[in-house]
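Scroll down for the structure; my scribbles are underneath it.
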Amino acid sequence: MDFMRILALDFFDPQFTMGTGATVICINPIHEHHENVPVRLEALKELVTGKTSGCLLITEPERGSDAVHMLTTCEEQEDGGFILNGIKIFNTNAPKAKWAVAYATAEKNNGNLMAQFLINTSWEGWNCERVGIPWVPKLYIGKENLINLKVPKEYILGPVGKGRDHLFEGLVPERISIAVRGISECWGALAHAIIYANMRKQFDKEILLFQGVGFTLTDLWARTTALTHGILKFCEVYDEKMEKHKNNLPDNVSRAMVALGSQYKYNCALLSKKVCYEAANLMGGAGLCDNTLMQDYLNISRIQEIIGGSRQIQNFIMSRNLRSLFKNL
Ligand SMILES: Cc1cc2nc3c(=O)[nH]c(=O)nc-3n(C[C@H](O)[C@H](O)[C@H](O)COP(=O)(O)OP(=O)(O)OC[C@H]3O[C@@H](n4cnc5c(N)ncnc54)[C@H](O)[C@@H]3O)c2cc1C
């Protein structure tokens with residue numbers, strides 16, 4: 001269902017679709033860990049009904065790919081609440097979001113002591129400025145300086161020691177939704193280029209009929225179709241496993257899902273970068289103008305490779321997986 005939602009939205013506005021993706025990765029941990037606490041249910045309701053947007057705070061200025069060695073700290077108070085201090089950066093929607101899910105640690109650089117919090121961005125201590133990312137000018141991406149930000153205890157989604165598990169639990173669906181966005185961008189760019197190549201004439205013929213154009217398009221189309229089927233199958237299997245194991249995957253299944261999530265994110269981001277560029281290129285000057293979505297597709301396809309773990313980090317995760325497969329032989 002989410003695949004269809006993303007595909008449909010992406011055809012109208014890829015930047016808006018990316019913004020909704022950031023709200024979804026804020027929703028997922030609240031959905032998993034609300035434990036029927038009224039304030040969490042209230043936040044969840046506002047987010048899923050679209051009343052407000054959400055954001056997720058993992059990345060810090062000094063800790064990007066190395067996300068588990070955080071510097072943002074959380075200090076427990078006598079009333080069971082926590083005080084957060086630290087700086088987060090590149091958080092999609094943050095300047096506009098009402099709700100944030102954030103990670104911090106009881107001891108700097110100690111991934112075992114991470115915790116996960118739900119934050120109302122109107123609280124004192126939340127200081128957010130917009131970061132300009134020219135490839136997605138419509139999006140509001142934030143840098144937050146958390147200064148003595150008090151989080152009451154009913155807003156703790158994961159206590160100290162549970163933060164890292166919660167972070168990894170969210171990464172597979174996050175990567176798959178980035179992969180789905182990549183594939184949706186491929187279809188959007190292809191739709192533009194296929195229509196254009198069927199209409200545009202040069203040398204008295206539709207340019208599609210020249211092999212240089214037609215065969216390039218068929219190559220991109222074939223690759224996009226194949227990955228679309230692959231990722232749809234993955235979504236089906238993931239949903240089945242989550243249902244079968246009541247959202248608590250056994251270790252071996254979870255490891256397989258992590259590897260597959262990385263593989264699809266890696267492949268779809270690479271394909272999106274190639275398809276969006278080549279489709280624009282086949283449209284000649286028209287592919288570079290700002291009166292179609294082509295420039296959005298081109299720009300956003302390059303961002304997919306960075307967010308949710310860069311290309312090299314997906315390789316790193318996959319190589320670790322190969323190692324553990326070998327060790328388990
Ligand atoms: C538009 C946009 C939106 C974003 N939205 C969010 C968000 O909503 N929430 C959030 O928390 N974060 C968000 N991010 C942050 C994003 O996840 C990070 O930018 C990303 O994880 C990379 O971190 P970094 O920028 O610090 O790069 P670095 O980690 O500094 O990486 C720099 C380069 O070094 C490479 N590298 C690093 N370590 C290794 C290694 N071990 N092996 C090989 N190569 C390595 C990387 O691949 C990269 O090429 C967003 C970023 C952008 C650009």
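In each ligand, atom 1 is the first atom listed, and ligand 1 is the first ligand listed. Basis for what follows: all heavy atoms, side chains included, without hydrogens, waters or symmetry-related copies. The model shown is predicted, which means the values in this text are computed figures rather than measured ones. If you read the sequence from its start, that first residue is 1, and numbering goes on from there.
- Nearest non-hydrogen protein atom to atom 18 (C) of ligand 1 is Thr59 OG1, 4.1 Å.
- Taking a cut-off of under 4.0 Å to the non-hydrogen atoms of Gly64, the atoms of ligand 1 that pass are 23 (O), 24 (P), 26 (O), 29 (O).
- Checked by distance only, ligand 1 and Asp66 stay at 3.5 Å or farther apart across all their nitrogen or oxygen atoms.
- The closest non-hydrogen atom to atom 29 (O) of ligand 1, taken over Cys26, Pro61, Ser65, Ala22, comes from Ser65.
- Salt-bridge annotation for Lys150 and Glu124: absent, with no side-chain N of the basic residue lying under 4.0 Å from a carboxylate O of the acidic one.
- The proximity of Ile306 to ligand 1, defined as any non-hydrogen pair under 4.0 Å, involves the side chain as well as the backbone.
- Proximity of atom 35 (C) of ligand 1 to the protein is not indicated, since no non-hydrogen protein atom lies closer than 4.0 angstrom.
- At least one protein heavy atom sits closer than 4.0 Å to atom 39 (C) of ligand 1.
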Please assess Arg40 against Glu154 for the test salt bridge (Lys or Arg N to Asp or Glu O under 4.0 Å), listing each intermediate value before the final yes or no.
CA-CA 8 Å; Arg40 299 184 207 169; Glu154 57 271 38; over 6 Å; no
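- Polar contact check, Phe90 against ligand 1: a nitrogen or oxygen pair lies under 3.5 Å apart.
- Near Ile307, meaning under 4.0 Å from any of its heavy atoms, are these atoms of ligand 1: 2 (C), 3 (C), 4 (C), 50 (C), 51 (C), 52 (C).
- Between Ser301 atom OG and Lys274 atom NZ the span is 12.5 Å, to the nearest 0.5 Å.
- The proximity of Ile141 to ligand 1, defined as any non-hydrogen pair under 4.0 Å, is limited to the side chain.
- Between Ile89 and ligand 1, a contact under 3.5 Å exists for no N or O pair.
- Looking from atom 47 (O) of ligand 1 to the surrounding protein, the closest heavy atom is Ser310 OG, 2.5 Å.
- The distance from atom CG of Leu44 to atom CD of Glu32, rounded to the nearest 0.5 Å, is 10.5 Å.
- Taking CD1 from Ile25 and CG from Leu56, the interatomic distance works out to 4.5 Å, rounded to the nearest 0.5 Å.
- Polar contact with ligand 1: present for Ile58 (N/O pair, distance under 3.5 Å).
- A ring-centre distance under 6.0 Å is found for Trp123 and Tyr155.
- In this structure, atom 13 (C) of ligand 1 has a protein heavy-atom contact shorter than 4.0 Å.
- Summary of contacts: the protein heavy atom closest to atom 9 (N) of ligand 1 is Leu56 O, 2.9 Å.
- Here the heavy atom of the protein found nearest to atom 8 (O) of ligand 1 is Thr92 N, 3.0 Å.
- Counting heavy-atom neighbours within 6.0 Å of Phe210 CZ, excluding the residue itself, gives a total above 12.
- In terms of protein heavy-atom proximity, atom 41 (N) of ligand 1 is nearest to Ile313 CD1, 4.0 Å.
- Across the listed options Glu60, Glu62, Gln312, Gln314, Gln312 owns the non-hydrogen atom lying nearest to atom 43 (C) of ligand 1.
- Separating the CD1 atom in Ile87 from the OG1 atom in Thr59 is a distance of 13.5 Å, to the nearest 0.5 Å.
- We find that Lys88 and Glu144 are not joined by a salt bridge, their nearest charged nitrogen and carboxylate oxygen being 4.0 Å or further apart.
- Between Tyr103 and the choices Gln116, His166, Glu60, Arg164, the side-chain hydrogen bond (donor to acceptor under 3.5 Å, both in side chains) rule is met once, by Gln116.
- Taking the ring-ring contact (aromatic ring centres under 6.0 Å, His included) definition, one finds that His34 meets it with nothing, sequence neighbours left out.
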